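Note sheet for the following structure.
Everything quoted here is computed from the prediction, not taken from an experiment.
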Amino acid sequence: MTESPRSSSAGRTLTLIIVGLSMVSALTIFLRICITALLPDIEASMNITATQASLLGSAVLLGYGIMQIPAGILTDALGARRMLMMFLFLAGLGTLFVAATNALPVAVAGRFVTGMALSVYPAIVAILALCVPAERFASAMGVVFSATAFGVIFGGTPLALLNQAVGWKVSLFLCGGLTFALMLLLGYLIKKPAPSAVPRPPLSTAAMKNDLLQVFRTKEFWPLVLWQMVVPGTFFVLAASWWTKYFILTGSLTKLEAGHIFMAQSIAGIFTLPLCGVISDKIRSRKKVIVGISVLGLAASLSYVLLAGKLGFVGLLLQAIVFATGTSAAASCFLATVKETFPSRLLGTATGCCNMLYPIYAAAMTVVFGLLVSSKTSALTAAGLDQNAVGVGAYGFACWALVIGSAAGLVFSLLIKESYGNAAEGSAHGGGPGAH
């Protein structure tokens, strides 16, 4: 560690850090949702049912959720840069496993490993918290999070076109190679991002237990983790598996048109994600933005039930933009609240704990969504409805799962305590979890 963010080269160093973290942010969302664009071809290639196919989406979310707490603890103990490099290597490896197999169990295991390896946000928050002044943290976090939109963009039309050209297996091989390339690039970009003024205690079971207990005993933690569980979790129920098939079966769209919607709503996210952070900093409130976004998410989720089969391409596009905004745009405000609630020495652990439930919730609800689709499809088919009516009815019915999650999210948002203005011990002007 040789450079402080307050030195003469602070601007250049901070720019490189934000570029690197933004690239990681984009990759994490891309690898989580890339199966969505490939799912129809994977189903046909492996000859699997919708319920079996849902395991590919839920496995990555389950692995992501299980690894959140260990990732946070290891970030605090071993350093953020080290964790980034290790996780990117494993993410690339897991993606190659999926590409190399025709067996569903192996593919599910590969997606599970990939999900575990994408638990990098504790490291991202830890690095950024040291480099950005507290009053601008939400804005900076919004910029890094807006890069997720590029991940979704490339997971839409470009990936759909690539799949058409070379097939799903070659597409995934290329995704794995891209992950390894990014790992090498980040090793160059983020060598010495920020110094840690506080000596790092040795990793021990007792220390980990004490840190976890301190997080769990903080009363502000529980509304945060429950809101994060159901709101982003609801987004990934669609984005990780079912969005493409919803568009195709309820709007009679092609796979390429569905990819266009993915790309367009992601472009909107480039503006909405940082905008929420800027608004939060300007109005000096995290909670107001989180509550407002939660209301929008509930309205959008309800529209997927009430308007199934009634919208064309433009309507589905607008609906997708509103839904994505209402279930993901408050991410920077959420992470700013975490940062302002917990001491910096616990920032990685707290971030991991706050993220631990939403991937598991999304994984479970992805399977529930598939079961609802399958059961309703059987019932409507037995009733003699035509194929189009069956698809519309089954997917509209399954979207009640989105409404339930969004309604719970609004309730939890009202219980979150306002954190703006809290003393951010050890943030941009102190010690905390550095990046070795």
Residues that [X] engages under side-chain contact (heavy atoms from CB on, under 4.5 Å), provided they are two or more places apart:
X	answer
Ala123	Thr75, Ala80, Leu84
Ala53	Leu39, Glu43, Ile48
Ala91	Leu31, Ala117, Leu118, Thr179
Ala107	Met46, Leu56, Val98, Thr101

Legend entry - Atom pair OG1/CZ of Thr341 and Phe221 - distance to nearest 0.5 Å: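 Here the rounded value is 11.0 Å.
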Inset, instruction - With rounding to the nearest 0.5 Å, note down the distance linking CG in Asp211 to CG in Leu346. - result: 5.0 Å
For [X] and [Y], work out which heavy atoms get closest and say how close.
X	Y	value
Leu172	Thr95	O-CG2, 3.4 Å
Ile293	Ala329	CD1-CB, 4.1 Å
Val289	Cys333	CG1-SG, 3.6 Å
Glu257	Ser252	OE1-O, 4.4 Å
Leu410	Val291	CD1-O, 4.1 Å
Gly409	Val231	CA-CG2, 3.6 Å

Inset, instruction - Indicate whether the side chain of Tyr121 and that of Ser25 have a donor and an acceptor atom separated by less than 3.5 Å. - result: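 A pair is found: one side chain offers a donor N or O, the other an acceptor, under 3.5 Å apart.
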Legend entry - Check: Arg286/Ser419 side-chain N/O donor and acceptor closer than 3.5 Å: no
Spell out, as yes or no, whether a donor-acceptor pair under 3.5 Å connects the side chain of [X] to the backbone of [Y].
X	Y	answer
Lys287	Ile416	yes
Ser280	Ser285	yes
Asn163	Trp168	yes
Trp242	Phe369	no
Ser146	Val143	yes

Inset, instruction - Establish, yes or no, whether a centroid distance under 6.0 Å links the rings of Tyr304 and Tyr246. - result: yes
Inset, instruction - Scan residues 50-63 for pairs that pass salt bridge (charged side-chain N to carboxylate O under 4.0 Å, His left out), counting only residues two or more places apart or in two chains. - result: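 Residue pairs with at least one partner in residues 50-63: there are none.
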Inset, instruction - Not counting sequence neighbours, list each pair that qualifies as a salt bridge (charged side-chain N to carboxylate O under 4.0 Å, His left out) and has a residue in residues 411-420. - result: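 Listed by first then second residue: Glu220-Lys417.
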Inset, instruction - Let me see the working for Val120 and Leu27 under side chain to side chain contact (heavy atoms under 4.5 Å, CB included), right down to the final yes or no. - result: CA-CA 11 Å; Val120 295; Leu27 180 71; over 6 Å; no
Legend entry - Parallel, tilted or perpendicular: rings of Phe180 and Phe89 (30°, 60°): tilted
Tell me if the [atom1] atom of [X] is crowded by more than 12 foreign heavy atoms within 6.0 Å.
X	atom1	result
Phe154	CZ	no
Phe412	CZ	yes
Phe271	CZ	no

Inset, instruction - Quick one: do Ser294 and Trp227 satisfy side-chain hydrogen bond (donor to acceptor under 3.5 Å, both in side chains)? Show the steps, please. - result: CA-CA 9 Å; Ser294 300; Trp227 180 87; 2.8 Å; yes
Inset, instruction - Start with the C-alpha distance between Tyr395 and Trp243, add both sets of side-chain angles, then the distance that settles ring-ring contact (aromatic ring centres under 6.0 Å, His included), and finish with yes or no. - result: CA-CA 10 Å; Tyr395 277 82; Trp243 230 345; over 10 Å; no
Inset, instruction - Find out whether the Lys NZ or Arg CZ of Arg32 is both under 6.0 angstrom from the six-membered ring centre of Tyr64 and within 45° of the ring's axis. - result: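 Satisfied, under 6.0 Å and within 45°.
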Inset, instruction - Step by step, work out the side chain to side chain contact (heavy atoms under 4.5 Å, CB included) result for Ser301 and Thr234. - result: CA-CA 9 Å; Ser301 297; Thr234 296; 4.2 Å; yes
